[in-house]
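Working notes, beginning with the structure itself.
Below, chain A is the first sequence line, B the second, and so on; all start at residue 1.
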Protein chains: 2
Amino acid sequence: MKSNKEVKHYDVSRYRTPDGYTSDIAVFTITSERTKAYAPPKMELKLMLIKRADYDTEGNPNIEAGKWALPGGFVTPEETAQEAASRELSEETGIDGIPVKHFGVYDQPERDPRGWIISNAHYAIVPEHQLFSRKANDDAADVELFSVEELEWNQLAFDHSAIICDAIAHISRDLLQTTVAKQFLPESFTYSELQAVLLTITDDKAIRNEQAFARKIKSLPFIEAVEGQKTQRTSKLPTQLYRFVETDIKQSIYTARH
Amino acid sequence: MKSNKEVKHYDVSRYRTPDGYTSDIAVFTITSERTKAYAPPKMELKLMLIKRADYDTEGNPNIEAGKWALPGGFVTPEETAQEAASRELSEETGIDGIPVKHFGVYDQPERDPRGWIISNAHYAIVPEHQLFSRKANDDAADVELFSVEELEWNQLAFDHSAIICDAIAHISRDLLQTTVAKQFLPESFTYSELQAVLLTITDDKAIRNEQAFARKIKSLPFIEAVEGQKTQRTSKLPTQLYRFVETDIKQSIYTARH
DNA sequence: CCTTTTAATTAACAATATGTTAAATGTTAA
DNA sequence: TTAACATTTAACATATTGTTAATTAAAAGG
């Protein structure tokens, strides 16, 4: 009822409107460290943050200067926040064609001292090597990768600690419940590589167990073996490669094992 | 709330800002029809929509008049969109204390002909009897429940067909992967009542199978039997009651059955 | 050339879970 | 007394998982 009437009478000048609409993006990557040859890598989930400059381009002291923040910026009326996030990602890292996923809106009245600014938050998964090539090209000192295990929670700008906390929760859930793990992996991968990705965010016994996981991967409807292809990058023994296949997954807590 | 000095550095006039920030809410309920005494109910998932009036209070033809729309309204600078959604729900149905869940943002530039208006979309689950009591009190002719199976997709205002489509997808997923089903059920319920709720949005064989589901419910870590309590509302045979318990569920597509 | 090392793979078996069919239970209503 | 019926239990074949152990293939070092 109220909605109808409000809409009916809606006159922009009569209501206060937001002072800004921003799009923030949590860029995740997994760094993959090979401890020795012919062994599976040790992986770690990392988040890219940028350091806020001391002064803005006009020489005025910047708000929240020196703190770490998610990359992001204002959305223009000609684009969606998701498009803005893709644009930001491209500007910040030079990377295009990566899926960007919305995970929340942050609109607490006091969240930004500059006014009523609504933030639409996204996350993206960028393969490590693409971030490295960017770092090499444009040696911006104000960009850094932080391990999600050891984030400096009290050095974050605005309400970004809350946003990042949610981002980590969302990516963790999505890694286990969707096939986004493929964003971290090459087109074809071994069971131990997939396992290493999952172990960055879970310590599930059934995933840690090599034999069980290697057996299980063969029966998953959304993964298939790449016939006749083997690799030796994780073992001296030539190892079976797998790939994700498009399948819609409908699982339920009422039928799953617990 | 903001100091002048800080405001100076962010010049609102330089950027175009949104013309409005709205909060929409998809109110779901499950209607429960008892075909006969001592039998489990037939349930159906329904969505509450409101009909947009032909004219506004000043006699001007209303935009998108006669079409069905989600209840919602403008968010004020003193509240979050989620608070606005709770407020709307309370105003629209008189119901308080129901969890309201964000599921998406709709910010296509062309989505609202009145300007650059960003909609933050939520869903809520209201027990049937609460909606009925509201209907009795305030006989608003412009409110109706629609079965999600037979929605009139081409009679929906603005981009609400897209929002509703997403809302149904989200609630379906959440019903299977979280314990929100409890919002549709009394504090304690029989296996067949829970089953009926789930069957409104899935036809999973393992959920349809009475024996299997009745056996499974006993081993679910997030459900416990209510000791010494039985009911006869679904059977002549006194039937075991169950309740949800708070447990964090961490399941993975890599360990579940498929 | 032989031995050790190591990740991957296979095997084997007990324990657990599921799909299915059938029977038993307790109550209502005719 | 009997029929009806949702629920509950039983029973059993089949499938999946946890666990331990053995096997395989290649590399590396002597």
Response to the item:
The correct set of residues in residues 251-258 of chain A placing a heavy atom under 4.0 Å from DNA chain C is A:Thr255, A:Arg257
Worksheet entry | Nearest-Å distance for atom pair OH/P, residues A:Tyr242 and C:dA8 | 11 Å
Item to complete: Report yes or no: do B:Asp24 and B:Tyr106 form a side-chain donor-acceptor pair below 3.5 Å?
Response: no
Item to complete: Kindly calculate the angle separating the two end axes of the helix from C:dC1-D:dG30 to C:dA30-D:dT1, each obtained from five base pairs, and round it to 10 degrees.
Response: 0°
Fill in: Distance in angstrom units between B:Arg215 CZ and D:dA6 P, rounded
20 Å
Worksheet entry | Pairwise ring pair (Phe, Tyr, Trp, His ring centres under 6.0 Å) hits with a residue in residues 194-224 of chain B, at least two apart | A:Tyr254-B:Phe222, A:His258-B:Phe222
Worksheet item: Roughly, in whole Å, what's the span from CD in B:Gln240 to C1' in D:dT8?
Response: 11 Å
Worksheet item: Roughly how many Å is it from CZ in B:Phe213 to P in D:dT8, rounded to a whole number?
Response: 12 Å
Fill in: Sorted by number, the residues of residues 193-209 of chain A with heavy-atom contact under 4.0 Å to DNA chain D
A:Asn209
Item to complete: For the side chain of A:Lys218, starting at C-beta, report the closest nucleotide among C:dT10, D:dA28, C:dA8.
Response: C:dT10
Discussion item. Using a strict heavy-atom distance below 4.0 Å, which residues from residues 228-237 of chain A are in contact with DNA chain C?
Written reply: A:Thr234, A:Ser235, A:Lys236, A:Leu237
Item to complete: Not counting sequence neighbours, which residues clear side chain to side chain donor-acceptor pair (under 3.5 Å) with B:Glu210? List them please.
Response: none
